[in-house]
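Single-structure report; data block below.
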There are 2 protein chains.
Amino acid sequence: MFIAEIMGVGDELLYGETVDTNTAEIAVSLRPYAVEVRRTIRVADHLQTLAGEIRQAWRQARLVVLSGGLGPTPDDITREAIAAALDEALEPDPAVLEWLERLFADRGWKMPEANRKQALKIPSARWIANPRGTAPGWWVHREGKDLVCLPGPPAEWRPMWAETLPQLHLPQKPYKQVSLKTFGLGESRIVELLGGLFQRNGQVEVGTYAKVDGVAVVIRGQPNLVDPLAERIRPLLGEAVWGQDDDTLPLLALRTLEARQATLATLESVTGGVLGALLTGVAGASRRYLGGLVSYSQAAKAQLPMDPGIATRHGVVSAAFAEALASAAREMLQATYALSTTGVAGPETLEGQPVGTLYVGLAGPDGTKSRHYRLPGASREMLRQRAAHAALAFLVSELRGAR
Amino acid sequence: MFIAEIMGVGDELLYGETVDTNTAEIAVSLRPYAVEVRRTIRVADHLQTLAGEIRQAWRQARLVVLSGGLGPTPDDITREAIAAALDEALEPDPAVLEWLERLFADRGWKMPEANRKQALKIPSARWIANPRGTAPGWWVHREGKDLVCLPGPPAEWRPMWAETLPQLHLPQKPYKQVSLKTFGLGESRIVELLGGLFQRNGQVEVGTYAKVDGVAVVIRGQPNLVDPLAERIRPLLGEAVWGQDDDTLPLLALRTLEARQATLATLESVTGGVLGALLTGVAGASRRYLGGLVSYSQAAKAQLPMDPGIATRHGVVSAAFAEALASAAREMLQATYALSTTGVAGPETLEGQPVGTLYVGLAGPDGTKSRHYRLPGASREMLRQRAAHAALAFLVSELRGAR
């Protein structure tokens, strides 16, 4: 098995000022290949240290991938460190310098002197174009080994890596992964439901991962084993399964609305905009998502077209209030469906209801209904995210049921 | 300067199924000490690899801290790896075994055989009690060096580390950090503005960190140098500085509103709920943030109390439209101030305006104004986040100016 070494460069990664997710994402992208990732490293902006790490990695690995440290500031020392480690000299590339200058000129700026170093390269490296930033990457192929160095921002390195990885011609291994996405089941409940199917051996392994959109049950390993196992696991999880693999709840909700030529409005209390933000995070959302209201204060709620007596009689954290909110939103925005959220995100309880209480209202052509949840979640932000996803899962399951 | 090596152990850390924040948190806890953290490592559950990493770390460092891999499963190999690296033998400790058995007995369970290994220790280690789990830690003091190994869950290792760290008697160093938070300046522009003040030597260092709420300029090092340097840097950044250290824009906006006994409403087009979500992410936001509208579709915009001719004459991505939106929101929610966002989050351009274009409208007792931005940002999500923070930075600067 060949070894791959993955490094994130930057003091901010060591101290968590930027949480390093790059190295993990790159490690995941290598899963279909017969290379082993035995460690990942975050290295300080410290020339000797980084050069030393690269030298060691280059000695023992078939592939070295670095991200970060390609910016224009004096902190950015990845280019220098690779040059030192591979014993080559940095040389300016006039074509890249010209490209950089044009990039700035297009925005009406003069290129700062600091950016000149982004046009430096060692002879054995070829450029990896960066369509979204000023830091092109390097691909070094030498002695039957590869070193790829990418910028730090995910939106920049992702397309660069997607283009480079297949060109490395790494040995592939038969590999498949199926991710069953559930909402409403806890991890220990899933372990119980799966029983002996919760396997972990050299050929196939099952894992559960709790996220804001529920628990993903991931089955990975040899393709001929993964699919049959997934087919046995799926019915055990029942209606909790809302999607698979790359599905997301906002995307699925909008796609389901599209299929029914329906529109959606939202009225958010406890989620305070998180639900709208999730929906509008999908490009083209406006075709199906008309918009919504964030009625955070009592004053804002008083202006809604609904019977103020409902809050008095049932409380604002109640099924009746959630349904009234959904109806009001549907009416105001003249949407086919409307979702509402009301509940307790904490830190304090509300109307005697504990933190984590959530009611989601759903108004549609067939009337109004609601669901009650007791969400787990250690933080206010986690609870708000879970609540918004609960609302979307509710919508998706209802629209599917009504089909 | 002594070196400290920090390692997180576990396959799940390498692949991001569990996001490793332990190594960063431990690195931050070492900042007041004269030890240098030049890298942090995440290591797979692979005995030879981990033993090799520990051996190398022990050779070059004054302090080695490990977290994870102390559980009862066959995957948990940290104990074995340390024993191999330090060339000592694992021995069962009858007292710890008894404590473990009692722990299970207290819950009415028989201790599984698998847990026996949690009572193993090498002779040179002393136990670190774990009040919240079944995995006690180790503290090895040998050859004038220290190795501390802790369990993975933060709730378990934090109190253990808090107790152990002072006992290590690490040399302390005078340390201070000031973070100046800016909005509206790029990193390379800041480097230019700072010129020779962008220092980086053994005593004080300056760094820039780009986040969705702008670029933070961090000055850290010897307290007697940090404060004067921060005082020289601050005026160079001018009005771009909106806060310091732990300040966040939502918190600052709400605090500024509180100080003026003012309320806020929002009307979001391009940010689609992100602005509301940021504000309501602060507990107690409802005292000052009344709520808002997400007018994502043309249909929803048509229902606002504003002259529809504005969109026709100026376009929806325009200063005039942003101001009209802000006025409408202020009127509808009867707020002291209202913020609006309109622009282009991509991936497509809109009305011939490029992705990244943003207009923020602000309506208040003194009338209505707007600002135009060309935001950098490689992804739709990043742009929306930046746009929402731009709106808050605008509000904060205007409210401060009006004081």
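Every chain is numbered from 1, with letters handed out A, B, ... down the list of sequences.
Counting heavy-atom pairs under 4.5 Å between each of A:Pro72, A:Gly284, A:Gly16, A:Ala283 and chain B puts A:Ala283 at the top. Ranked by heavy-atom pairs under 4.5 Å with chain B, the first of A:Gly291, A:Gly272, A:Ala216, A:Ala44 is A:Gly272. Each of B:Glu192, B:Glu268, B:Met7 has some count of heavy-atom pairs under 4.5 Å with chain A, and the biggest count is that of B:Glu192. Taking B:Leu290, B:Thr49, B:Leu293 one by one and counting their heavy-atom pairs under 4.5 Å with chain A, the maximum is reached by B:Leu290. Considering only heavy-atom pairs separated by less than 4.5 Å from chain B, the leading option among A:Leu13, A:Val274, A:Leu14, A:Val270 is A:Leu14.
If you measure heavy-atom distances from B:Glu36 to chain A, the contacts under 4.5 Å come from the side chain alone. Contacts of A:Tyr15 with chain B are made by both backbone and side-chain atoms, with heavy-atom separations under 4.5 Å. If you measure heavy-atom distances from A:Asn115 to chain B, the contacts under 4.5 Å come from the side chain alone. Of the two parts of A:Asp20, the backbone and the side chain both hold a non-hydrogen atom closer than 4.5 Å to a non-hydrogen atom of chain B. Neither the backbone nor the side chain of B:Gln199 comes within less than 4.5 Å of any heavy atom of chain A. With a 4.5 Å cut-off on non-hydrogen atoms, B:Arg42 touches chain A through its backbone and its side chain both. At a 4.5 Å heavy-atom cutoff, the contact between B:Val37 and chain A is made by backbone and side-chain atoms alike. Only the side chain of B:Val19 has a heavy atom closer than 4.5 Å to any heavy atom of chain A. Residue contact with chain A, scored on non-hydrogen atoms closer than 4.5 Å, is absent for B:Glu12. Looking at B:Asp75, the atoms closer than 4.5 Å to chain A (heavy atoms on both sides) all sit in the side chain, from C-beta outward. Only the side chain of B:Arg31 comes within contact range of chain A, judged by heavy atoms closer than 4.5 Å.
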